Amino acid sequence: MYKIEKIGENVFYIKALGTMPPSVAKKLVKDFKEKTENLASISSIVDGVDLIILNLKSFSIILDFLKSINQKLIKAAYVIGKSPVLNTEAEILLEKARSEKRKIVESLDEAKKWVGIEKIIIQKE
(Lines give C-alpha, C1' and ligand atoms only; values in the text may rest on other atoms or scores of the structure.)
Protein backbone atom coordinates (compact mmCIF):
# COMPACT_ATOMS: atom_id res chain seq x y z
CA MET A 1 0.00 0.00 0.00
CA TYR A 2 0.96 3.63 -0.32
CA LYS A 3 -0.32 7.15 0.11
CA ILE A 4 0.78 10.25 -1.82
CA GLU A 5 0.34 13.70 -0.26
CA LYS A 6 1.23 17.07 -1.73
CA ILE A 7 3.07 18.86 1.09
CA GLY A 8 4.41 21.88 -0.76
CA GLU A 9 4.11 23.72 -4.06
CA ASN A 10 5.99 20.96 -5.86
CA VAL A 11 6.90 18.67 -2.94
CA PHE A 12 5.30 15.28 -2.33
CA TYR A 13 5.32 12.85 0.59
CA ILE A 14 4.93 9.19 -0.29
CA LYS A 15 4.25 6.71 2.49
CA ALA A 16 4.88 3.10 1.46
CA LEU A 17 3.87 0.26 3.73
CA GLY A 18 3.49 -3.47 3.70
CA THR A 19 4.49 -5.24 0.52
CA MET A 20 4.81 -3.72 -2.93
CA PRO A 21 3.58 -6.21 -5.55
CA PRO A 22 3.79 -5.16 -9.23
CA SER A 23 0.12 -4.14 -9.39
CA VAL A 24 0.63 -1.71 -6.51
CA ALA A 25 3.91 -0.40 -7.96
CA LYS A 26 2.16 0.30 -11.30
CA LYS A 27 -0.68 2.12 -9.55
CA LEU A 28 1.78 4.15 -7.46
CA VAL A 29 3.65 5.24 -10.59
CA LYS A 30 0.40 6.08 -12.39
CA ASP A 31 -0.96 8.08 -9.45
CA PHE A 32 2.31 9.97 -8.96
CA LYS A 33 2.51 10.81 -12.67
CA GLU A 34 -1.04 12.17 -12.58
CA LYS A 35 -0.29 14.34 -9.55
CA THR A 36 2.92 15.74 -11.06
CA GLU A 37 2.21 15.90 -14.79
CA ASN A 38 1.67 19.69 -14.83
CA LEU A 39 4.73 20.48 -12.73
CA ALA A 40 8.05 21.50 -14.28
CA SER A 41 9.98 20.32 -11.23
CA ILE A 42 9.34 18.11 -8.21
CA SER A 43 10.84 17.07 -4.90
CA SER A 44 9.74 14.15 -2.78
CA ILE A 45 10.15 12.37 0.50
CA VAL A 46 9.57 8.63 0.32
CA ASP A 47 8.84 7.16 3.73
CA GLY A 48 9.56 3.45 3.50
CA VAL A 49 9.96 2.79 7.22
CA ASP A 50 6.91 0.48 7.17
CA LEU A 51 7.68 -1.15 3.82
CA ILE A 52 8.35 -4.86 4.19
CA ILE A 53 9.76 -5.88 0.81
CA LEU A 54 9.79 -4.99 -2.87
CA ASN A 55 8.88 -7.61 -5.43
CA LEU A 56 11.58 -7.94 -8.14
CA LYS A 57 9.12 -6.86 -10.86
CA SER A 58 8.06 -3.92 -8.68
CA PHE A 59 11.72 -2.97 -8.38
CA SER A 60 11.96 -2.75 -12.19
CA ILE A 61 8.75 -0.72 -12.47
CA ILE A 62 9.94 1.79 -9.87
CA LEU A 63 13.45 1.94 -11.36
CA ASP A 64 12.09 2.79 -14.81
CA PHE A 65 9.90 5.46 -13.28
CA LEU A 66 12.75 7.02 -11.28
CA LYS A 67 14.86 7.23 -14.42
CA SER A 68 11.98 8.86 -16.31
CA ILE A 69 11.65 11.74 -13.83
CA ASN A 70 15.36 12.59 -13.49
CA GLN A 71 14.96 15.72 -15.63
CA LYS A 72 12.29 17.33 -13.44
CA LEU A 73 13.65 16.14 -10.08
CA ILE A 74 14.96 18.79 -7.69
CA LYS A 75 15.63 16.54 -4.69
CA ALA A 76 14.31 13.29 -3.26
CA ALA A 77 14.92 11.73 0.13
CA TYR A 78 14.27 8.10 0.98
CA VAL A 79 13.68 7.10 4.60
CA ILE A 80 14.25 3.36 4.85
CA GLY A 81 13.34 1.10 7.77
CA LYS A 82 15.50 -1.21 9.78
CA SER A 83 15.49 -4.06 7.26
CA PRO A 84 18.98 -4.77 5.88
CA VAL A 85 17.38 -6.33 2.78
CA LEU A 86 15.33 -3.20 2.05
CA ASN A 87 18.31 -0.97 2.69
CA THR A 88 20.32 -2.94 0.14
CA GLU A 89 17.41 -2.89 -2.34
CA ALA A 90 17.06 0.88 -1.91
CA GLU A 91 20.79 1.44 -2.42
CA ILE A 92 20.79 -0.65 -5.59
CA LEU A 93 17.63 1.05 -6.87
CA LEU A 94 19.03 4.55 -6.36
CA GLU A 95 22.42 3.58 -7.76
CA LYS A 96 20.77 2.31 -10.93
CA ALA A 97 18.58 5.45 -11.19
CA ARG A 98 21.78 7.55 -10.92
CA SER A 99 21.10 11.04 -9.66
CA GLU A 100 22.95 13.13 -7.13
CA LYS A 101 19.55 14.61 -6.31
CA ARG A 102 18.48 11.40 -4.54
CA LYS A 103 19.61 10.48 -1.05
CA ILE A 104 18.89 7.74 1.48
CA VAL A 105 18.40 9.31 4.89
CA GLU A 106 17.92 7.87 8.36
CA SER A 107 14.99 9.96 9.60
CA LEU A 108 12.09 12.10 8.52
CA ASP A 109 13.84 15.14 9.99
CA GLU A 110 16.89 14.48 7.81
CA ALA A 111 14.58 14.01 4.80
CA LYS A 112 12.86 17.35 5.42
CA LYS A 113 16.23 19.08 5.68
CA TRP A 114 17.51 17.50 2.44
CA VAL A 115 14.36 18.43 0.50
CA GLY A 116 14.17 21.87 2.11
CA ILE A 117 10.83 21.89 3.90
CA GLU A 118 10.10 22.68 7.53
CA LYS A 119 7.12 20.48 8.29
CA ILE A 120 4.89 17.82 6.84
CA ILE A 121 1.15 18.09 7.31
CA ILE A 122 -0.73 14.97 6.29
CA GLN A 123 -4.38 15.35 5.32
CA LYS A 124 -6.77 12.91 6.95
CA GLU A 125 -9.37 11.29 4.73
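Only a predicted model underlies this, so the values are computations on that prediction, with no experimental measurement involved. The residues of the chain are indexed from 1 along the displayed sequence. Reckoned from all heavy atoms, side chains included, excluding hydrogens, waters and symmetry mates.
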[X] and [Y]: same hydrophobic cluster, using ILVMFWY side-chain contacts below 4.5 Å?
{"X": "F65", "Y": "I74", "result": "no"}
{"X": "L28", "Y": "M1", "result": "no"}
{"X": "V105", "Y": "L17", "result": "no"}

Can you check whether [X] reaches [Y] side chain to side chain, under 4.5 Å on heavy atoms?
{"X": "L51", "Y": "Y2", "value": "no"}
{"X": "V49", "Y": "I80", "value": "no"}
{"X": "V11", "Y": "S44", "value": "no"}
{"X": "D47", "Y": "I14", "value": "no"}
{"X": "E106", "Y": "V79", "value": "no"}
{"X": "I62", "Y": "M20", "value": "yes"}
{"X": "I45", "Y": "K112", "value": "yes"}
{"X": "L73", "Y": "R102", "value": "yes"}

Taking all atoms of both residues into account, what is the closest heavy-atom pair of [X] and [Y], and its distance?
{"X": "W114", "Y": "A76", "result": "NE1-O, 3.2 Å"}
{"X": "F12", "Y": "I42", "result": "CE1-CG2, 4.2 Å"}
{"X": "K67", "Y": "K96", "result": "CE-O, 3.3 Å"}
{"X": "S58", "Y": "P22", "result": "OG-N, 2.9 Å"}

Distance, nearest 0.5 Å, that separates [atom1] of [X] from [atom2] of [Y]:
{"X": "F32", "Y": "I4", "atom1": "CZ", "atom2": "CD1", "value": "6.5 Å"}
{"X": "K72", "Y": "S43", "atom1": "NZ", "atom2": "OG", "value": "11.5 Å"}
{"X": "E95", "Y": "L63", "atom1": "CD", "atom2": "CG", "value": "11.0 Å"}
{"X": "K75", "Y": "K103", "atom1": "NZ", "atom2": "NZ", "value": "7.5 Å"}
{"X": "S23", "Y": "I61", "atom1": "OG", "atom2": "CD1", "value": "8.5 Å"}
{"X": "K6", "Y": "T36", "atom1": "NZ", "atom2": "OG1", "value": "10.0 Å"}

(request) Mind running side chain to side chain contact (heavy atoms under 4.5 Å, CB included) on D50 and K15 for me, showing each step along the way? (result) CA-CA 8 Å; D50 297 319; K15 175 70 174 176; 2.7 Å; yes
(request) Using a strict 4.0 Å threshold on nitrogen-to-oxygen distance, state whether D31 and K27 make a salt bridge. (result)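 Looking at D31 and K27, the cut-off is met.
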(request) Identify whether the distance between the nearest side-chain nitrogen and carboxylate oxygen of E5 and K3 falls below 4.0 Å. (result)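 Counted as a salt bridge, because a side-chain N and a carboxylate O are separated by less than 4.0 Å.
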In terms of heavy-atom contacts, does [atom1] of [X] have more than 12 from other residues, nucleotides or ligands at under 6.0 Å?
{"X": "K26", "atom1": "NZ", "value": "no"}
{"X": "E37", "atom1": "CD", "value": "yes"}
{"X": "E118", "atom1": "CD", "value": "no"}
{"X": "K30", "atom1": "NZ", "value": "no"}

(message) So does K101 get a backbone contact from the side chain of S99, meaning a donor-acceptor N/O pair under 3.5 Å?
(response)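 Such a contact is found between S99 side chain and K101 backbone.
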